[in-house]
2 protein chains.
Amino acid sequence: MESIIENNRTQMRRGVLEYSILLILASSDEYASSIIQKLKNVNIIVAEGTVYPLLIRLKKLGLLTYRWEESPQGPPRKYYKITETGKQQLKGLDAAWDELSEGISSIRKGLK
Amino acid sequence: MESIIENNRTQMRRGVLEYSILLILASSDEYASSIIQKLKNVNIIVAEGTVYPLLIRLKKLGLLTYRWEESPQGPPRKYYKITETGKQQLKGLDAAWDELSEGISSIRKGLK
DNA sequence: ATCAAATACCTTGCAACACAAGGTATTTGA
DNA sequence: TCAAATACCTTGTGTTGCAAGGTATTTGAT
């Protein structure tokens, strides 16, 4: 018994995940668990099993690099950093998001 | 050779498709080709093979009904209409969209 | 010294779903 | 009679988020 809403919420999130991660990394270098926490803070809740493969993919595409750093406690952390290529691509994603927002906005106004 | 941007544009669109269609039908009854055209008008470009199965699915879920109507030319048209249940679910999707927009907005502001 | 808890990392298998491509049916008009 | 336009729909493929499960490191309590 799954609701249409919950299902679509997932779908919507799915569409902006890479974008969100690049946005976060454009601001500062972060490790996976920290990224997940930041996303959770803005109600974009996402599973570990989603983020790790995604970071690996973005790294393969040359949009990210990473370095290891000691942690205050626990195992070392893999800090990801956005590359120049990544920054350029991010601009394109910004545009894509804006376009989509405007599209939805237009349809919404068409009502009433 | 696929760009990250084009790929993500598709992903983003994907997430809001059901939402967009319900929004359009909340305004007026429409047939599939017309819905596709309206989406195209706001740069949410989508293929036929995407929309038809989706309408069928939404109908099965009880969010839409349809009736046949003669066309000025060509074959008859299947006009879809949103149900009361559909309208209720749409409210939930409105909320989901707003939440996502705010989430992205927050992350974006975190920059600079 | 040992073991539990916390923190991080990562992989596998499944299910959902958009899209490209291809197909059928109806009407009009040349 | 046949091409063009309009409309409907189905099938096969590839991508991908997620649940579940697994490994490794450190700290601190017993």
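Reminder, nothing fancy here: chain letters follow the sequence lines and each chain counts from 1.
Between the side chain of A/T83 and the backbone N or O of A/L63, at least one donor-acceptor pair lies under 3.5 Å. Of the possible polar contacts, one joining the A/R13 side chain to the A/I45 backbone as a donor-acceptor pair under 3.5 Å is found. Remark: side-chain polar atoms of A/S20 are paired, donor with acceptor, to backbone N or O of A/V16 under 3.5 angstrom. Distance alone, capped at 3.5 Å, places no donor-acceptor pair between the B/S27 side chain and the B/L23 backbone. Side-chain N or O atoms of A/S34 include none that pairs as donor or acceptor with a backbone N or O of A/E30 at under 3.5 Å.
For the pair B/I4 CD1 and D/dT15 C1', the interatomic distance rounds to 15 Å; values are reported in whole Å. Look at CZ on B/R57: it is 17 Å from P on D/dC9, rounded to the nearest Å. Whole-Å rounding puts the A/I36 CD1 to D/dA19 C1' distance at 14 Å. Rounded to whole Å, the distance from OH on B/Y80 to C1' on D/dA7 is 12 Å. Between the P atom of D/dT6 and the CD1 atom of B/I35 lies a distance of 18 Å, rounded to the nearest Å. Look at NZ on A/K60: it is 13 Å from C1' on C/dC10, rounded to the nearest Å. Nucleotide D/dG17 holds its P atom 12 Å from the CE atom of B/M12, rounded to whole Å. The CD1-P distance, from A/I44 to D/dG17, rounds to 13 Å in whole Å.
Out of D/dC8, C/dC10, C/dA18, the shortest distance to the side chain of B/R77 is found at D/dC8. Across C/dC17, D/dT16, D/dC8, the shortest atom-to-atom separation from the side chain of A/N7 is found for C/dC17. For B/L54, taking side-chain heavy atoms from C-beta onward, the closest of the listed nucleotides D/dT25, D/dC18, C/dA18 is C/dA18. Relative to the side chain of A/P75, the nucleotides D/dC8, C/dT11, D/dA24 differ in distance, and D/dA24 lies closest. Of the candidates C/dC17, C/dT28, C/dC19, C/dT28 carries the atom nearest the B/Q73 side chain, counting heavy atoms from C-beta on.
The cationic atom of B/K78 (NZ for Lys, CZ for Arg) does not lie both less than 6.0 Å from the six-membered ring centre of B/Y31 and within 45° of the ring axis.
Mapping A/G49 and B/R14 onto DNA chain D via the closest heavy atom, the residue that lands nearer the 5' end is B/R14. Both B/A32 and A/R13 lie near DNA chain D, and the one whose nearest nucleotide falls closer to the 5' end is B/A32. Nearest-nucleotide positions on DNA chain C place A/P76 closer to the 5' end than the other of A/P53 and A/P76.
Contact annotation: A/Q11 side-chain N/O to C/dA18 OP1/OP2 distance is under 4.0 Å. Here A/S71 does not reach the OP1 or OP2 of C/dT7: none of its side-chain N or O atoms lies under 4.0 Å away. Proximity of B/Y31 to the phosphate of D/dA7: a side-chain N or O atom is located under 4.0 Å from OP1 or OP2.
If you take CD on B/E48 and CD1 on B/I35, they are separated by 12.0 Å, rounding to the nearest 0.5 Å.
The residues B/D98 and A/R108 are annotated as salt-bridged, a charged nitrogen and a carboxylate oxygen being separated by less than 4.0 angstrom.
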| task | Fill in the dot-bracket string of DNA chain C, one character per base: . for unpaired, | for a pair to another strand, ( ) or [ ] for pairs within the strand, taking Watson-Crick or G-U pairs under 3.5 Å. | result | ||||||||||||||||||||||||||||||
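If you check distances only, the side chain of B/E48 never reaches the base of C/dC19 with a donor-acceptor pair under 3.5 Å.
If you check every strand for non-hydrogen atoms under 4.0 Å, B/S33 touches sugar and phosphate atoms only.
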